[in-house]
Each structure stands twice: as structure tokens, then as C-alpha cells.
Amino acid sequence: MNLSFKTHLKKTSIAFRAVLSAGVLYSCATYNVKKGKNLFEIKNSDIKSENDFKVFLIGDAGNADEPQAQNTLNLLKSKLDSADSNSMLIFLGDNIYPNGLPKESDKDYALAKQKLENQLAITKNFKGKTLVIPGNHDWNNGLEGLKAQEDLVKAYFNDKKTFLPKNSCGIDDISLSKDIKLIVIDTEWALSTGISTRV
């Protein structure tokens, strides 16, 4: 490297170097699925077992009032509509952005409730089970807000086992089938209730 290039490089701004570096890294990105030559996919097999169980996972769907989120939910709904009763949909948390469910008297309550109900509505024709797990945003109104969200979910499905961990606890479990048990751990519980400072 010659001396004049080194001098010029020192004079360039840090911002320009950051943009240049990001451009180089971005140019290496791919948005296509890459598979090894020995990997093969099993399409919907005709061979079924009574132990087959399908799980659908979706997380961070808390802005369900936005068009992009609605497109994602509609795509998932099309998969759920064709699933059988040996399946489960799990909402992995952050169900209401940005601050969980506020008090009913709060001006943001109606929108927060709508965001949650927009997500839950995709289960209308779903024959499987549904489970909602809280995330860190769902804790932003404390135990009271989380309990209110739990009550809304349970009332929506008329099922006490649709929101876990129940009663604002940190851990719970549910049997998905005779051979499968799901253990649910809410790590935000330890942070929000201050248990981590007592251990």
C-alpha cells in the first residue's frame, strides 16, 4: 500500500468507512435457501403415524395491525386451516407491541387489544391447539398487564390452557400428546419480578 493511499484513508470519515464496510458485508448476503448436497426434504408423506405432531411457531407478531404483519398472519392462517388436530400453534411472545396490554381506562387499550385479537383470529378454522407465551414487551405493564392479557387469551379460546406459564409464573408444562410434553419457561418473569436479585 503506498503512502498517499494510507494518508487518504486516514482522512476519510468514520461514517464513510462504516458505510463502505456495511456495503461489502451486505453484498455477500443471500436471501435464498442454501442446502447441502446430501440434504433432502420429505414432502408431505403418505405414511402417517398416530404419533405425528406438527408445531407452528410465530413470535414477535405484536404489531398485527400493520399490513406486513397481516400478510404474514394470512400466510400462517392458510397453513393452519389445512392442519389436523395433531398440531399446535405457539405464539412465542411479544404479542402486543410496544408495551403489552395497558389498563382498560388507558387510551392505548383498544389498539393493544385489537393487535392481540388480530393474531388470535387466524385460529378460527384451526383444528389443533393454540398456546400463547408472553415476551418481554408483554411484561411492560407489570404483573397486572400480563394477567389481563392472560385473561383475554383464555376468554377468547374459552380454555384455561391457552396461556402459559399460567398465573404469571416463570415455568409451566403442557402435554401435547401421550409422548410429547412441552415445558414453557418465561425468562422475563425472573427479570420482572426481581427474583434474579434474590437468588
Original post:
What do the steps show when you test L73 against L75 for side-chain contact (heavy atoms from CB on, under 4.5 Å), and what is the final call?
Top reply: CA-CA 5 Å; L73 289 172; L75 174 64; over 6 Å; no

Subject >> Under the side-chain hydrogen bond (donor to acceptor under 3.5 Å, both in side chains) test, residues paired with K115 that sit two or more places apart >> reply: N63

Subject >> Listed partners of K181 passing side-chain hydrogen bond (donor to acceptor under 3.5 Å, both in side chains), at least two apart >> reply: D173

Say you draw a straight line from [atom1] of [X] to [atom2] of [Y]; how long is it, rounded to the nearest 0.5 Å?
X: L182; Y: L131; atom1: CG; atom2: CG; value: 6.5 Å
X: I90; Y: T162; atom1: CD1; atom2: OG1; value: 12.5 Å
X: L176; Y: F53; atom1: CG; atom2: CZ; value: 4.5 Å

**OP:** Would you please name every residue forming a side-chain contact (heavy atoms from CB on, under 4.5 Å) with N125, sequence neighbours left out?
**Re:** K77, D81

**OP:** I would like to know whether L120 and F91 meet side-chain contact (heavy atoms from CB on, under 4.5 Å); could you show each step before the answer?
**Re:** CA-CA 9 Å; L120 303 180; F91 288 96; 4.0 Å; yes

**OP:** Determine the minimum heavy-atom distance between D52 and N86, stating which atoms define it.
**Re:** O-ND2, 3.1 Å

**OP:** Considering non-hydrogen atoms only, spot the tightest contact between D186 and C169 and give its length.
**Re:** CB-O, 4.3 Å

For [range], which residue pairs qualify under side-chain hydrogen bond (donor to acceptor under 3.5 Å, both in side chains), counting only residues two or more places apart or in two chains?
range: residues 141-161; answer: N95-Q149, D138-Q149, K147-D151, E150-K154
range: residues 67-76; answer: none
range: residues 127-136; answer: none

Donor-acceptor pairs under 3.5 angstrom involving side-chain atoms of residues 101-114: please list them, not counting sequence neighbours.
| residue | atom | partner | partner atom | Å |
| --- | --- | --- | --- | --- |
| D106 | OD1 | D108 | N | 2.7 |

**OP:** Carefully, step by step, assess L89 and I58 under the rule side-chain contact (heavy atoms from CB on, under 4.5 Å).
**Re:** CA-CA 8 Å; L89 167 64; I58 184 166; 4.0 Å; yes

Original post:
Should side-chain heavy atoms under 4.5 Å link Ile, Leu, Val, Met, Phe, Trp and Tyr, which residues sit in the same cluster as I185?
Top reply: I171, I183

Original post:
Who passes ring pair (Phe, Tyr, Trp, His ring centres under 6.0 Å) against Y97, sequence neighbours left out?
Top reply: H137

Subject >> For D94, all residues meeting salt bridge (Lys or Arg N to Asp or Glu O under 4.0 Å), sequence neighbours excluded >> reply: none

**OP:** Please step through side-chain contact (heavy atoms from CB on, under 4.5 Å) for the pair W139 and W189, ending with a clear verdict.
**Re:** CA-CA 8 Å; W139 276 91; W189 171 84; 3.8 Å; yes

Original post:
Is a donor on one side and an acceptor on the other found under 3.5 Å between the side chain of N99 and the backbone of N140?
Top reply: no

Original post:
So, T123 side chain and F126 main chain: donor-acceptor pair closer than 3.5 Å or not?
Top reply: no

